[in-house]
Amino acid sequence: MGKSGHGKRSYSVNANDYKLLEEIGYGASATVFRAIYVPYNEVVAIKCLDLDRCNSNLDDIRREAQMMSLIDHANVVRAFCSFVVDRNLWVVMPFMAEGSCLHLMQTAYPDGFEEPVICSILKESLKALEYLHQHGHIHRDVKAGNILLDTNGVVKLADFGVSACMFDSGDRQRSRNTFIGTPCWMAPEVMLPEKGYNFKADIWSFGITALELAHGHAPFSKYPYMKVLLMTLQNAPPGLDHDRDKKFSKSFKEMIAMCLVKDPAKRPTAEKLLKHSFFKHAKPPELSVKKLLADLPPLWNRVKTLQLRDDAQLALKLLPSAQQEAISQNEYKRGVSAWNFDIEDLKAQAALEDQD
Amino acid sequence: MKGLFKSKPRTPAEIVRLTRDLLVQFDMDTIRESKRDEKMVELSKHIRELKCILYGNSESEPVAEACMQLTQEFFKENTLRLVINCIPKLNLEARKDATQIVANLQRQQVQCRLVASDYLERNIDLMDILMTGYENTDMSLHYGSMLRECIRHQVVAKYVLESEHLKKFFEFIQLPNFDIAADAAATFKELLTRHKSTVAEFLSKNYDWFFAEYNSKLLESSNYITRRQAVKLLGDMLLDRSNAATMTKYVSSRDNLRILMNLLRESSKTIQIEAFHVFKLFAANQNKPADITNILVANKSKLLRLLGELKTDKEDEQFDADKAQVMQEIASLEPKELA
């Protein structure tokens with residue numbers, strides 16, 4: 001028979017063939033486990049999604065699962081298979097032993113990575129974006145937390161929990177009108193739902209991710225959601241322009257500035273950006289990224305530690321500020337669900353918050 | 001002078017012809033083994049070009065005139081059949097591109113006509129090939145997505161609804177691979193909701209076997225997701241005005257009531273809420289048969305307690321109003337003499 005793009009080995013859709021081990025990631029309605037696929041005695045990652053907690057329709061979940069099983073690119077996490085166990089959807093994926101770039105920064109590099117490392121990570125991620133865009137997918141949640149690393153230094157972009165496929169409907173319509181993603185990484189046009197957005201939204205998020213890798217956190221990350229929305233819309237785009245940023249090269253700064261242009265039409269495509277001089281001398285990640293990983297405890301211990309730290313921080317928080325955050329969070333949700341972005345109204349509300 | 005030696009860019013129609021020529025060779029298996037890889041690269045390239053004409057790329061939007069030329073040439077001959085036949089021979093990327101091309105072509109018009117619909121009407125047996133996709137893991141997502149786009153045309157949906165294929169969906173929906181089962185479920189839903197008049201006619205003609213299968217295989221399935229999707233779709237079908245006759249018949253059956261009452265008691269809240277939207281029709285029916293009334297009366301206190309506790313996560317005024325009305329109706333019921 002002809003060549004099939006999936007000449008890879010197949011995994012069974014029987015839960016008994018998998019042995020769940022430690023938790024390696026957690027989110028609102030999904031938990032990711034390290035697991036063993038018994039027939040091959042191979043380590044895999046399984047994302048368990050509680051379907052009863054996803055009360056929206058299942059079409060988005062179907063699209064995500066289908067897209068992930070049709071992926072064939074070295075820098076994009078694919079799904080080996082997916083099946084339903086009780087009320088959970090299990091998505092079986094390759095195990096990325098070192099977790100996300102965000103995890104790694106939180107554990108060992110709180111002020112970010114060195115430029116050559118960032119360059120390798122970004123180049124691999126950009127190749128993933130080029131592939132996804134070519135296939136009509138907008139990732140919509142590009143950030144360090146979704147860039148995964150393997151022990152050998154391999155870099156893969158993951159988590160299409162919110163990715164939209166513009167080709168799915170066979171439509172010519174090239175813009176989406178859904179408000180989704182994580183505010184710090186969100187392009188300005190994504191925050192104004194009536195405008196619609198396209199592939200270029202990922203390029204903005206990519207630029208923010210570059211800053212995140214350089215500093216250890218995204219710009220505006222310490223502010224409440226509402227404030228982030230406003231700052232992204234009103235302020236000049238963030239960049240590598242602090243004193244501590246002097247160590248970074250001119251071409252790195254320039255590359256970021258190209259991504260963080262407010263007019264999406266003026267941002268380069270992933271394909272163009274890959275040709276930027278910054279990426280010309282990128283070292284293979286097997287060399288640069290691997291060095292970062294020496295002497296770290298295994299991923300599941302790191303996750304546990306981070307989880308405990310998160311909990312402790314929450315407990316320590318003084319009530320008034322915690323309340324403030326909750327209010328801001330609610331306001332944000334309201335704005336999102338109602339899609340009523342009255343900018344003047346937002347400004348007034350944010351001004352009130354500032355006075356407190 | 002340089003421009004003289006540059007090859008002219010091909011027109012959309014030319015690319016369609018080149019693609020078709022190669023597809024014929026692959027379809028008939030007339031390519032020498034040594035040439036195979038080379039020709040496959042060429043074919044994949046043309047397919048990618050066709051996709052770019054129809055969808056544009058990250059730099060440019062599609063051009064209506066080019067799309068029209070492409071569509072016209074494509075359906076002038078049997079290109080669609082060749083594409084469908086050759087999908088298994090293509091590599092993954094070309095399969096995905098081809099699937100997207102076929103999807104897009106279903107909406108393209110030439111002189112205000114959906115040429116794809118006319119073509120499919122004459123070549124309706126292609127649906128039989130697409131249906132085989134669900135039995136082949138490698139093909140299912142490609143054929144499945146093509147099939148779903150083809151049933152946008154009413155003639156095609158009617159053919160699939162009235163063929164033996166429909167029965168197979170009850171099995172495909174429960175395949176263990178989530179991506180494939182969910183694909184079959186999405187198509188099944190399209191078939192039963194998209195073209196109102198066709199669906200209404202189908203349901204009234206096929207009521208007995210269809211709902212017997214629907215109840216036993218889907219609503220009483222041991223698979224959570226099957227039950228959840230089935231009860232949601234049942235609500236969509238029965239609440240559609242064009243299916244009023246079917247709805248009246250459905251809510252007059254005590255067996256159906258028993259199944260819905262069981263779903264109402266599920267531990268999954270999502271299923272409970274969806275089941276309520278069907279259950280309310282039994283209660284609201286002003287011409288309830290005596291046996292329906294008597295079941296509701298016999299379970300009055302249990303039902304009222306259960307409904308009293310049933311709440312949506314988000315505030316939903318319509319749900320609350322429906323619930324209040326249903327509870328009031330049940331509370332006021334008196335037993336009836338069986339006729």
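Every chain is numbered from 1 and lettered A, B, ... according to where its sequence line falls, protein lines coming before strand lines.
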Item to check | Choice from B/L105, B/D183, B/D97 maximising heavy atom contacts with chain A below 4.5 Å | outcome: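 Most pairs with chain A among the choices: B/D183.
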Item to check | Among the listed options B/S268, B/A94, B/A182, the residue most often paired with chain A at heavy-atom distances under 4.5 Å | outcome: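 Result: the option with the highest number of such pairs is B/S268.
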Measuring from atom [atom1] of [X] to atom [atom2] of [Y], what distance do you get when rounded to the nearest 0.5 angstrom?
X: B/Q229; Y: A/D59; atom1: CD; atom2: CG; result: 8.5 Å
X: A/E64; Y: B/F178; atom1: CD; atom2: CZ; result: 9.0 Å
X: B/I180; Y: A/S69; atom1: CD1; atom2: OG; result: 8.0 Å

Next on the checklist: If I measure from the heavy atoms of chain B, does A/D86 come under 4.5 Å with its side chain, its backbone, both, or neither?
Outcome noted: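 The answer is the backbone of A/D86.
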Checklist entry - By a 4.5 Å heavy-atom criterion (distance strictly below it), what part of A/Y11 contacts chain B: side chain, backbone, both, or neither? => result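 When you check distances to chain B, no heavy atom of A/Y11 falls under 4.5 Å.
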Checklist entry - Got a sec: does the NZ of A/K262 have more than 12 other heavy atoms crowding it under 6.0 Å? => result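 Atom NZ in A/K262 is packed in, count exceeds 12.
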Item to check | B/Q106 versus chain A, the contacting section by heavy-atom distance below 4.5 Å | outcome: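 For B/Q106, no heavy atom lies under 4.5 Å from chain A.
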Checklist entry - Given that the side chain runs from C-beta out, which part of B/S267 has a heavy atom under 4.5 Å from chain A: side chain, backbone, both or neither? => result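 For B/S267, the contact with chain A is made by backbone and side chain together.
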Write down the atom of [X], the atom of [Y], and the distance for their closest heavy-atom approach.
X: B/Y224; Y: A/D52; answer: OH-OD1, 2.6 Å
X: B/K51; Y: A/Q134; answer: NZ-O, 3.1 Å
X: B/E93; Y: A/Y131; answer: OE2-OH, 2.9 Å
X: A/Q66; Y: B/D179; answer: NE2-O, 3.1 Å

Item to check | Worked verdict on B/H142 versus A/L70 for side-chain contact (heavy atoms from CB on, under 4.5 Å) | outcome: CA-CA 10 Å; B/H142 308 292; A/L70 291 177; 3.9 Å; yes
Checklist entry - Most heavy-atom pairs under 4.5 angstrom with chain B, which of A/A65, A/S82, A/A265? => result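 Heavy-atom pairs under 4.5 Å are most numerous for A/S82.
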Next on the checklist: Under a 3.5 Å distance rule, please check whether B/R228 uses its side chain to pair with a backbone N or O of A/L51 as donor and acceptor.
Outcome noted: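 Side chain of B/R228 to backbone of A/L51: a pair is present.
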Item to check | Residue from B/T226, B/N177, B/I225 passing side-chain contact (heavy atoms from CB on, under 4.5 Å) with A/V84 | outcome: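 Per the side-chain contact (heavy atoms from CB on, under 4.5 Å) rule, the option paired with A/V84 is B/I225, out of B/T226, B/N177, B/I225.
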